[in-house]
Amino acid sequence: MLDVNGTREAHLQAFQQAPALFSAPGRVNIIGEHTDYAEGFVMPAAIDFETIAAISPRTDGQVVIASQNFNETVTHSLQQLPEKARHHWSDYPLGVLWALREKGIDVPAFSLTLKGDVPLGAGLSSSASVEVATISALLSLTGKEIPLPEMAQLCRRAENVYVGASTGIMDQFIACCGKENHALLLDCRSLDYKLAPIPANIAIVISNTMVKHSHAGGEYNTRRAEVEEGTRILHAHRPEIKFLRDATVDDLAKWGSEMPPDVLKRTRHVITEDDRTVAAAAALEAGDLKTLGRLMYEAHASYRDDFEGSCPEADILVDLASKEAGVIGARLTGGGFGGCTVNLVEEAHATTFIENLRKGYHAATGISADIYRCHASDGVHRIAE
Ligand code: ADP
Ligand code: MG
């Protein structure tokens with residue numbers, strides 16, 4: 001749990017103004033990997049790691065942003081904001097300010113303090129939690145309200161265009177619209193969504209491989225290019241296929257032979273993952289945890305073998321989990337090549353599960369994993385005074 005009062009006090013000390021505080025969560029994706037940018041389906045849950053944004057107005061025309069995590073403060077004149085990202089943590093809040101201005105929403109001068117406990121770069125989306133906490137804080141100074149899905153889209157734009165990271169809509173959307181004790185099935189095309197309750201006796205356990213393979217960025221771009229190539233080949237036969245969301249396994253059976261082997265595998269992952277995600281949401285809604293678990297294992301196998309986005313450490317964690325009592329399902333979550341696995345575990349077995357997983361992973365890799373027992377949580381909200 002974050003020390004909200006500590007952040008409030010630090011803000012007050014630094015800026016002599018009592019702040020308004022906003023919180024936005026990180027997230028774990030239960031199923032639906034690399035489907036969001038194919039306009040398909042994802043099923044994340046917001047988790048009880050968060051970023052807090054403390055904000056107060058200024059009268060000197062300055063924008064002052066502090067991160068307690070980085071122990072650093074940046075200052076810019078509102079009239080002369082950096083037009084481009086500088087590969088610095090402040091790109092994220094400045095990108096949100098940029099996206100609001102681009103939308104015609106003027107934000108007055110402000111002091112902003114950020115503090116988060118979402119592990120950075122672990123695939124639990126600390127970046128979206130920063131963006132969404134920031135946008136709520138900034139909007140509070142303008143007196144304007146915009147609907148949550150639109151806030152998510154502005155934050156995505158900040159990350160895609162200003163920061164320069166090509167992500168889908170999932171992270172920002174769940175940080176906006178998550179609900180306690182629920183997973184959220186999101187249609188990344190229409191942004192329609194459906195909440196499905198996570199049974200009270202199920203724990204969400206997230207295990208961090210503690211690795212992020214250095215080739216991740218390059219591989220990610222290669223995968224995106226391969227998915228686009230697969231889409232183009234199918235589109236040539238069936239023009240209504242604009243994204244893989246529009247394609248089926250039958251299309252793949254008919255025209256997959258025209259694809260280079262790797263393109264076929266990536267395309268197959270995305271098309272089958274979409275089907276698995278919709279089926280997983282139906283299973284969760286129906287309380288059919290056995291099917292949900294099977295789909296999670298199948299999703300991991302597809303991520304590993306077809307998308308080739310896993311890594312040995314994540315495969316070890318999933319394999320160890322699958323042998324433990326009370327485990328419903330496990331898979332690598334997030335962008336791939338490292339990061340975290342998500343495990344759904346019966347509460348009664350969770351403590352033993354965590355101990356065994358930690359020991360087994362250390363024995364196999366020599367790495368001490370961080371393991372978090374999480375709770376599906378609400379999306380962005382204002383913190384009461
Ligand atoms: P992920 O979203 O998976 O955690 P990203 O690389 O997308 O990883 O985003 C991590 C980046 O977000 C950090 O390197 C930092 O620039 C920014 N960030 C996250 N949390 C904070 C924070 N509390 N304060 C400032 N910047 C943060
Ligand atoms: Mg991110």
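Counting starts at 1 for both ligands and their atoms, in listed order.
Annotation: atom 12 (O) of ligand 1 to nearest protein heavy atom, Tyr92 CE1, 3.6 Å. Among protein heavy atoms, the minimum distance from atom 9 (O) of ligand 1 is reached at Ser127 CB, 3.3 Å.
The distance between the ring centers of Phe15 and His11 falls below 6.0 angstrom. Ring to ring, Tyr303 and His34 are close: their centroids are under 6.0 angstrom apart. Checked against a 6.0 Å centroid threshold, the rings of Tyr193 and Phe173 count as neighbours.
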Salt bridge (Lys or Arg N to Asp or Glu O under 4.0 Å) evaluation trace for Glu308 with Arg304: CA-CA 5 Å; Glu308 295 183 81; Arg304 182 190 60 211; over 6 Å; no

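Of the listed options Leu120, Val163, Thr134, Thr51, Leu120 places a heavy atom closest to atom 14 (O) of ligand 1.
Close approach of ligand 1 to Gly123 (heavy-atom distance below 4.0 Å) involves ligand atoms 3 (O). For ligand 1, the atoms sitting less than 4.0 Å from at least one non-hydrogen atom of Pro119 are 4 (O), numbered in the order shown with element in parentheses. Residue-ligand proximity, Ser67 to ligand 1, at heavy-atom distances under 4.0 Å covers atoms 22 (C), 24 (N), 25 (C). Proximity to Val130 (heavy-atom distance under 4.0 Å) selects the following atoms of ligand 1: 18 (N), 19 (C), 20 (N), 21 (C), 22 (C), 27 (C).
There is a side-chain donor-acceptor pair under 3.5 Å between Thr167 and Asn160. Side-chain contact check for Thr272 and Asp275: no donor-acceptor pair (N or O, by modelled atom type) lies under 3.5 Å.
With a 4.0 Å heavy-atom cut-off, ligand 1 is reached by the side chain of Asn69 but not by its N, CA, C or O.
With a cut-off of 2.8 Å, the Mg ion (ligand 2) has no N, O or S atom of Ser125 in range.
At least one N or O atom of Ser126, backbone or side chain, sits closer than 3.5 Å to an N or O atom of ligand 1. Looking at ligand 1, you won't find any N or O of Lys115 less than 3.5 Å from one of its N or O atoms.
Geometric assessment of Arg224 against the ring of Tyr37 yields a positive cation-pi assignment under the 6.0 Å and 45° thresholds.
Among Arg268, Arg276, Arg266, Lys265, the one residue that satisfies the salt bridge (charged side-chain N to carboxylate O under 4.0 Å, His left out) test with Asp306 is Arg268.
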